[in-house]
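I have placed the structure first, in the form of structure tokens, so that the comments after it can refer back to it.
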Amino acid sequence: MATDLEGITRAPGALPVVGHLLPLIRDPLRFLKTLPSYGDLVQIRLGPQTAVVVCRPELVQEVLLHDRTYDKGGPLIERIGNALGDGLAACPHSAHRRQRRTLQPAFSRACLREYAAIMTQQIDTLAVDWGDGQPIDVAEQMYTFASDTIARTLFTAESAGPAIDTVKECLPGIFRGIYQQAVFPPLLNRLPLPSNVRYERARNRAWAEVSKTISSYRQDDESHGDVLSMLLKTRDDAGNGLGDTEIHAQIMTLLVAGIESTAVALTWALHLLCQHPDVQERLRTETAKVLGTRTATWDDLPQLDLARRVITETLRIYPPGWILTRTTATETRLADALIPAETTLIYSPYLIHHDARFNPRPSDFDPDRWLPEQKHVRGAFIPFGGGARKCIGDNYAMTLATLALATIVAQWRLTSVDDQPPHIEPRMTLTPHGVRVRAECLQTVPD
Ligand code: HEM
């Protein structure tokens, strides 16, 4: 088998010009699962560019823990940077520590507790029209729910209403555009194709509304107890505040990084519970005992153990962030291979989670594998990444998903409408379409 980078096997099947783009677009999950059979590091070709896929947990950890050497980079990150500005998710190592210090306080436990009150309010709006026996499009409902909840955590003021609506409308186009532009050759991205025009339009509309909201917050000079107010108050050691460009980049980053991944996780969790009615029933027994007819709150979390394990197992089987990239800042050695500077590396939580050497019975949905007494291979569960660039919203997402899932299952019995498995659209997240369920109301919920 031919190799371009010394000591690293090249995956077979690359075509001239496009390389491995076809399997990566048509059936990326199947393609990814084949790669570990070629080695611990495997070269693939994205068009003319070579990338190295890291296929062992301990090597992925090495990449994640050495964030100076393995810096943010690669086509997806470049597109995210272009689309949103250099916010926390896309900025290089040189800017990361300062940006992370700025945002970290907004994700403290004390803040999470406050945000949980918004989550509970939003969960109450979730199932208002589920009782009419019509099939529910779960992906759509979870997207609306996650975007409303996360947007209201970022900006709670009345004046932010139009921004929340616009962002909700535009984000799907932005997600799709970022992924397409990362995967397609750069030349295609500069052409006025309808998909490029739609993407630019969505990005510009969301950008303009978020800008207006920042200006109106600056003018009223009030603290609304939300993430935007906190960013506006932040001062560096020299007493300088953040500029609008940076605040804008951070807000857009949190919206884009947070909404779709959380919505997708909840959609998959509900799908899996429909496929496994026994687990759904066990979960209902737990949650009904804790909640009765009310909505779950922050204080219930310690008792919602199975709900949390169901979410954890869902993130293992369908990790929303399924393919992530780094770029080597300098020449470096990984395993036995010498990797030149500016090489793109790929790590895939999906690939690691589905390798039976590291997660036995990888296709089985088994929330009990997350019971405390169970042993796990270190680094073999990485839905939120790791190291300094680990997801800043991991506890937020787990809290939101656990509270929502527990409340839904306590109040509704869900069954799949379709026999077909959902269609998976791999874009920035592993997005399911066609998850339609019927919901039977189990309780009279007080007005
Ligand atoms: C189930 C839901 C979520 C999943 C699976 C997820 C997954 C991830 C992953 C894998 C990374 C690391 C990316 C890398 O290594 O390149 C990441 C980073 C990040 N996530 Fe999340 N995420 C979720 C929810 C959220 C939420 C709710 C927010 C915020 C509201 C958020 C904000 C971010 C940010 C800002 C980063 C960049 C962190 C940094 O570089 O310091 N995520 N996420």
Side-chain angles (χ1 to χ4, degrees), residues 54 60-61 63-67 70-78 80-81 84-93 95-104 106-107 111-112 115 118-119 142 145-147 149-155 167 171 182 226-228 231 249-269 308 311-327 344-350 352-353 381-402 404-405 428-431:
V54 185
V60 171
Q61 288 302 308
V63 169
L64 294 176
L65 293 175
H66 295 93
D67 58 316
Y70 302 99
D71 204 349
K72 280 281 171 140
L76 197 56
I77 292 297
E78 278 162 30
I80 293 175
L84 313 175
D86 262 349
L88 187 65
C91 70
H93 173 269
H96 181 253
R97 295 293 190 273
R98 187 189 65 76
Q99 290 201 17
R100 183 93 187 196
R101 263 204 311 274
T102 307
L103 273 180
Q104 196 68 56
F107 289 88
C111 287
L112 257 186
Y115 304 152
I118 302 176
M119 296 174 190
M142 293 304 125
F145 167 65
S147 49
T149 311
I150 293 176
R152 275 168 224 281
T153 308
L154 300 184
F155 16 75
V167 160
L171 276 186
D226 52 18
V227 177
L228 178 52
L231 286 174
Q250 301 304 12
I251 291 288
M252 288 301 290
T253 297
L254 293 173
L255 288 166
V256 167
I259 290 175
E260 198 172 77
S261 43
T262 310
V264 160
L266 267 168
T267 305
W268 282 121
R308 192 179 174 86
I311 297 292
T312 306
E313 180 66 344
T314 303
L315 292 173
R316 186 190 65 76
I317 296 189
Y318 297 115
W322 60 289
I323 189 163
L324 299 137
T325 56
R326 294 292 187 270
T327 298
T344 298
L345 281 104
I346 292 177
Y347 83 92
S348 163
Y350 184 88
I352 299 288
H353 294 179
F381 178 65
I382 46 170
F384 295 109
R389 310 299 299 241
K390 187 172 182 209
C391 179
I392 200 170
D394 53 353
N395 290 327
Y396 180 101
M398 287 304 294
T399 303
L400 178 56
T402 305
L405 193 75
M428 272 166 58
T429 57
L430 214 48
T431 308

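Only heavy atoms go into these numbers, but all of them, side chains included; no hydrogens, no water, no symmetry mates. Model, not experiment: these values are computed from the prediction. Numbering of ligands and ligand atoms starts at 1, following listing order.
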field: For Lys72, atoms of ligand 1 separated by under 4.0 Å from a heavy atom
entry: 13 (C), 14 (C), 16 (O)
statement: Protein N/O/S atoms closer than 2.8 Å to atom 21 (Fe) of ligand 1 number 1
- prompt: To the nearest 0.5 Å, what is the distance between CE (Met428) and CD (Glu260)?
  reply: 7.0 Å
task: Check whether any N or O atom of Lys390, backbone or side chain, sits under 3.5 Å from an N or O atom of ligand 1, and answer yes or no.
output: no
message: Just to verify, what does Arg308 make a side chain to side chain donor-acceptor pair (under 3.5 Å) with, not counting sequence neighbours?
response: none
Within-cut-off N or O pair, Thr325 and ligand 1, under 3.5 Å: no
statement: CG (Asp71) and OG1 (Thr325) are apart, to the nearest 0.5 Å, by 10.5 Å
- request: Using a strict cut-off of 4.0 Å, indicate which atoms of ligand 1 neighbour a heavy atom of Tyr396.
  value: 27 (C)
- request: Considering the heavy atoms of Leu324, write down every atom of ligand 1 situated less than 4.0 Å from one of them.
  value: 10 (C), 13 (C), 14 (C), 16 (O)
task: Please name all residues satisfying side chain to side chain contact (heavy atoms under 4.5 Å, CB included) with Asp394, sequence neighbours left out, ordered by chain then number.
output: Phe384, Lys390, Cys391
Salt bridge present between Asp67 and Arg97 (N-O < 4.0 angstrom): yes
Beyond-backbone contact of His96 with Lys72, side-chain heavy atoms, under 4.5 angstrom: no
query: Which value, rounded to the nearest 0.5 Å, describes the distance between Leu254 atom CG and Leu231 atom CG?
result: 7.5 Å
query: So Tyr396 and Phe107, would you call those rings parallel, tilted or perpendicular, with 30° and 60° as cut-offs?
result: perpendicular
field: All side chain to side chain contact (heavy atoms under 4.5 Å, CB included) counterparts of Pro383, not counting sequence neighbours
entry: Leu315, His353, Phe381
- prompt: Looking only at heavy atoms of His96, does any of them come nearer than 4.0 Å to an atom of ligand 1?
  reply: yes
field: Option of least heavy-atom distance to atom 29 (C) of ligand 1 (set: Leu254, Val256, Leu255)
entry: Leu254
- line: CD1 (Ile251) and CG (Leu84) are apart, to the nearest 0.5 Å, by 12.0 Å
field: Rounded distance [0.5 Å steps], CG in Leu400 versus CG in Leu266
entry: 6.5 Å
task: Please round to the nearest 0.5 Å and tell me the distance separating atom CG of Leu64 and atom CZ of Arg389.
output: 11.0 Å
message: How far is atom 15 (O) of ligand 1 from the closest protein heavy atom, and which atom is that?
response: Tyr347 OH, 2.6 Å
- request: Answer with side chain, backbone, both or neither: which part of Arg100 has a heavy atom less than 4.0 angstrom from an atom of ligand 1?
  value: side chain
- prompt: Under 3.5 Å, N or O to N or O, is Arg326 touching ligand 1 that way?
  reply: yes
statement: So the atoms of ligand 1 within less than 4.0 Å of a heavy atom of Pro320 turn out to be 5 (C)
statement: Ranked by distance from atom 12 (C) of ligand 1, the top protein heavy atom is Arg389 O, 3.6 Å
message: Return the closest protein heavy atom for atom 7 (C) of ligand 1 as residue, atom name and distance.
response: Pro383 O, 3.4 Å
